[in-house]
Structures are given as C-alpha cells and as structure tokens.
Amino acid sequence: MTEGDVGDVGNRVRIFDTTLRDGEQAPGIALTRAEKVEIAEQLSRLSVDIIEAGFPISSQGEFEAVSEIASSVRGPVIAALARTTEGDIRRAAEALKGAERWRIHTFISTSDIQMTAMLRMSNREVLDAIVDNVKLAVSYTEDVEFSAQDATRTELEFLLECYRVAVGAGATTINVPDTVGYATPTEFGELVRIVREAVPDHVVVSTHCHNDLGLAVANSLAGIENGARQVEVAVNGIGERAGNCSLEEIAMVVRTRGEHLGVRHGLNLKEITRTSRLVSMTTGYSVQPNKAVVGSSAFAHESGIHQHGVLSNRATYEIMDPVEIGLEGNRIVLGKHSGRHAFVDALAKLGIALPDEQLNRAFARFKDLADRKISLTDQDLEAIVSEEVGAGKEDVLVLESLQTGGGTHLAPTATVRLRRGEEVIEESAMGDGMIDAACGAIQRAAGVEARLITFNVSSVTGGSDALGDVVVQLEVDGRRVTGRGVATDVVEASARAYLAAINRALRVAAGDTPSSTEVTP
Ligand code: KIV
Ligand code: ZN
C-alpha cells in the first residue's frame with residue numbers, strides 16, 4: 001500500500017528499514033551483493049515503506065549493491081546514505097537513479113563531542129554544510145531526509161537550528177538519532193515533541209534509536225507517542241554495537257496496541273518470520289530464543305498452568321497470534337527417501353527459492369544429512385539452506401573430510417582435508433578438546449591466522465537426534481567475520497562454521513563483498 005492509498009496519513013507510521021546499511025555495520029557481517037538484493041526483495045514483500053540500501057560512497061561494491069537494488073526492487077522507496085558532502089551526495093544519487101522512487105538520506109554530527117573530535121567544524125560550518133548539501137540533494141530528488149547524528153547529546157537550540165535550516169533547504173523528513181543509545185524514553189519522547197513543534201506539519205519526524213541500554217524499542221515508541229511518523233529499524237534489531245530498534249518488535253507493538261496509540265503501519269505481517277529467518281541465515285546472527293516476537297520460545301508455553309490456559313483459549317496467555325506473523329508449527333517434512341522434487345517443494349513452502357548452483361549444493365547436503373537422521377523438519381531445512389546461503393556462491397575452501405581421535409586419557413586430535421580447486425590440503429592438530437583440535441587443523445590447512453571471538457552452539461530442534469547448529473565469530477586480519485554450520489555431530493558443525501567464517505574472510509579480502517567498507521558512519 002502506498003501513502004496515496006491511505007486516508008489517515010497522519011496516523012500512519014512509516015517503516016524505514018536500515019538492515020542493509022546500519023544493520024550491516026554490526027561486527028562480523030559481510031553480506032554479498034546477491035544476499036543484499038535477496039534481503040531487499042524480502043523487505044519489499046514485507047511492505048516496508050523505505051529500504052535504506054546502503055552507503056554508496058563507502059566502496060565500489062557497496063555502490064553496485066545499492067544500484068542493483070534500486071533498479072530491481074520495486075515497491076518501497078529506496079534510500080541511500082550520504083554525509084553532507086558534495087561527493088557523497090552525487091554518488092548516492094548516481095547509485096539510486098534506477099529506482100522508481102528514491103530518497104537521499106544525508107547526515108552530519110551535531111553534538112559538541114562529535115563535532116570537535118571527529119569533524120573539527122564550528123556550528124556555522126555545520127549549518128552551512130547542511131544548507132548546501134540538502135539543496136544539492138533536492139536538486140536530484142524531492143525526497144530528502146536529514147539526520148543530526150548524535151541528536152540526543154546535542155545542545156537543544158543548535159539542534160533545532162540544524163533542523164530548521166535543513167527544512168528551509170528542502171528536507172522533507174527530519175530524523176532524530178539516538179546514535180549512542182543514551183536517551184531514556186521520557187527524554188526521547190520530549191525531544192521528539194519539541195522537534196515536531198519546531199518544524200512545519202508537512203515534514204515527517206523520524207526516530208533512529210540504538211540499543212546500547214536496551215531501550216531502542218521503548219525510545220522509538222516514545223517517539224511515536226510524541227508525533228514521530230517514521231521509525232528507523234533493522235530486522236532482528238541488528239546494527240552497530242548493541243544494534244538498532246528491532247523491526248518486528250516495534251511492528252507488533254503498533255499492531256497489538258495500535259488502538260491505544262492511535263497509529264498503524266502498512267506492513268504485511270505474514271512475512272515477519274520469513275524476513276527474520278532470512279536475515280539471521282545470511283548474516284550468521286542467530287536470534288536469541290527468548291527474543292520478543294521472533295525468538296523460538298516467543299510462543300512456547302512451558303508451565304502446566306499456562307499450557308492449560310492456552311489449550312482452552314490462546315488469549316489467556318497470548319497477546320499476539322503467531323499465525324499472523326507467518327509462524328507455522330514444526331512439521332516433519334522430509335526423510336532419506338525424499339527426492340529433489342519434494343525438497344524443492346518443501347523449500348518453496350518455506351518461501352525459499354535458490355539459484356541452481358546453491359540448490360544443488362543444498363540438496364546434496366540434505367541427502368547427506370537425511371541419510372544420518374530419520375526425518376528433517378522445516379527448521380532443519382532452513383538451517384541447511386542457511387549454511388549454504390552463508391557459504392556464498394563459491395567457497396574458496398571446501399571441507400572434504402574430518403576425523404577426530406583421542407578421548408578421556410588421550411589428547412584430542414583432528415585431521416581435516418580441505419579442497420581448494422584441484423588442490424587437496426590435509427592437516428592435523430591437537431587441542432583442548434575435539435572442537436578446538438578441528439578448528440586448529442582447519443586454520444593450519446587454510447593458512448589463515450584467526451582468533452575466535454564468539455562460539456555459540458544450539459540444536460535446531462529438540463531431541464537427541466537434533467541437528468547441532470554452530471555460529472562462530474572470528475577475527476581475521478583485524479576484521480570480524482561470522483560463519484554458521486549444521487551437522488548431526490557438533491564437532492563437524494563447529495568445523496563447518498569455522499571454515500565458513502574463514503571463507504567469508506577470504507572473500508572479503510578478495511573484495512568479493514560490498515562490505516569491504518572503507519568509511520562507515
Ligand atoms: O546512528 C546514527 O546516527 C546513524 C545516522 C547515520 C542516521 O546511523
Ligand atoms: Zn545508526
């Protein structure tokens with residue numbers, strides 16, 4: 001639905017999704033161009049109002065990813081970020097020109113601390129930069145957003161002056177970022193109210209809240225209650241440090257309490273679960289089980305009293321309908337006798353369509369796992385696909401075999417065989433445990449120095465035959481990368497995750513992902 005379709009424009013909260021820009025700035029995420037386009041297509045199915053596709057000046061790969069999204073994804077407005085400099089704005093406009101509807105989002109720091117330490121600019125120079133560059137952006141498109149970075153730590157009179165000159169120069173959306181996640185809901189709501197009153201009615205006031213104190217959703221909500229009609233969000237709340245306001249949480253607050261709030265949004269809620277899973281799969285950032293709305297326990301009832309209540313009437317303990325957000329039960333779908341047709345069909349039911357090459361590899365993985373496991377659920381299938389999608393089009397190194405040895409009184413050892421094109425590399429290592437030994441052997445075979453930052457192991461479903469699901473974050477050459485692996489055996493899942501992260505680092509080093517970013521806001 002477009003804004004033109006709705007009678008109550010004043011009560012409509014626009015959903016500005018920044019998963020592909022601010023979200024992608026989360027440590028360890030390095031999406032390929034194809035992954036970015038896939039996420040943008042899914043965001044369009046979810047009917048977000050605006051997709052912030054990236055920051056085109058930051059690298060050639062980023063520029064190309066934004067251009068491709070602009071020329072291929074239809075529905076939402078496509079936005080690109082630019083500092084208030086001529087070079088940034090021209091580059092953003094160039095990247096966006098293939099879009100049906102597009103927005104330049106320009107920003108500059110306005111707090112004393114950031115102006116002094118980062119910009120070395122006076123108040124006058126900042127105001128001039130805003131006027132000149134908003135005007136330049138308006139010469140390309142009528143849809144221009146201005147953000148005062150670190151607004152919540154900016155001296156109020158100066159902040160309002162920045163917004164006034166931006167509006168005077170033609171900005172139609174004014175964004176109030178809580179860049180460092182410092183504000184409390186009462187303070188933030190009050191700031192939004194003051195900004196709302198300081199700018200003309202036709203200008204949309206927006207929130208952009210970071211989650212350093214866990215208040216991003218609460219602050220965004222306070223913004224809405226005080227007149228903001230755009231919220232900037234990221235799927236699963238990913239983003240710099242502790243992340244951004246989570247799309248699914250604010251979406252369901254507005255849906256569930258819309259009557260009380262007097263606002264609504266235009267999201268196609270059925271796509272929420274699928275969007276969350278796609279972002280988790282491609283970024284390697286798993287969703288914590290107890291996360292509101294999209295966590296695996298969000299609709300699970302453990303206590304007997306709760307179960308009894310829910311069985312007689314769901315509304316006793318559920319304030320949202322899981323079916324409304326596209327969450328279906330955990331169905332057993334396939335087994336070792338299932339063929340390619342059934343596999344493709346099951347993926348289609350999950351809304352997953354893979355290019356041929358990835359489909360072949362996912363099917364081969366499925367067959368391998370189905371031989372070792374009696375039946376695979378839709379969650380298992382998603383995990384398998386996630387591993388393949390995360391692996392990228394062509395892995396630099398492929399795990400051919402892994403053997404582990406040792407035991408209670410013997411030092412754990414592992415031997416791996418990796419393939420790089422025609423070459424096969426075999427290496428062994430000892431470690432504190434089997435997983436440590438396997439990762440050590442992979443590191444040797446890959447010839448890469450990697451430091452393990454985080455290691456998370458979970459099971460895809462319940463039961464002792466469940467697939468192990470491992471997500472690791474490594475630091476390679478000063479850059480953080482993530483990898484995910486699933487297998488019936490956790491040592492193998494760990495080795496796969498470790499190798500996936502190393503492959504990602506090798507692809508980033510080869511400039512194969514848009515995230516070889518030189519500048520980030
Ligand atoms: O957090 C922030 O201030 C930003 C701006 C670029 C909007 O991400
Ligand atoms: Zn931000």
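Please read these numbers as outputs of a predicted model, since none were measured by experiment. When a ligand or atom number is given, it counts from 1 through the structure's own listing order.
- Of all protein heavy atoms, the one lying nearest to atom 7 (C) of ligand 1 is Ser147 OG, 3.7 Å.
- Given atom 3 (O) of ligand 1, the protein heavy atom at minimum distance is Thr179 OG1, 2.6 Å.
- The structure places CG of Asn236 at 9.5 Å from CD of Glu249, a figure rounded to the nearest 0.5 Å.
- Counted by atom type alone, Thr179 and Asp150 present zero donor-acceptor pairs between their side chains at under 3.5 Å.
- Contact between Arg21 and ligand 1 is present, with at least one heavy atom of the residue lying under 4.0 Å from the ligand.
- In Asp22, the N, O or S atom that comes nearest to the Zn ion (ligand 2) is OD2.
- The minimum heavy-atom distance linking Met252 with Glu324 is given by the pair CE-OE1, 4.1 Å.
- Sorted by first and then second residue, the ring pair (Phe, Tyr, Trp, His ring centres under 6.0 Å) pairs involving residues 205-249 (not counting sequence neighbours) are His208-His210.
- Donor-acceptor pairing under 3.5 Å is recorded for the side chains of Ser246 and Lys291.
- With no hydrogens or angles considered, no side-chain donor-acceptor pair links Asn268 and Ser47 at under 3.5 Å.
- What sits closest to atom 4 (C) of ligand 1 on the protein, heavy atoms only, is His208 NE2, 3.5 Å.
- Below 4.0 Å from some heavy atom of His210 lie the following atoms of ligand 1, by number and element: 1 (O).
- Rounding to 10°, one obtains 100° for the angle at the Zn ion (ligand 2) between NE2 (His208) and NE2 (His210).
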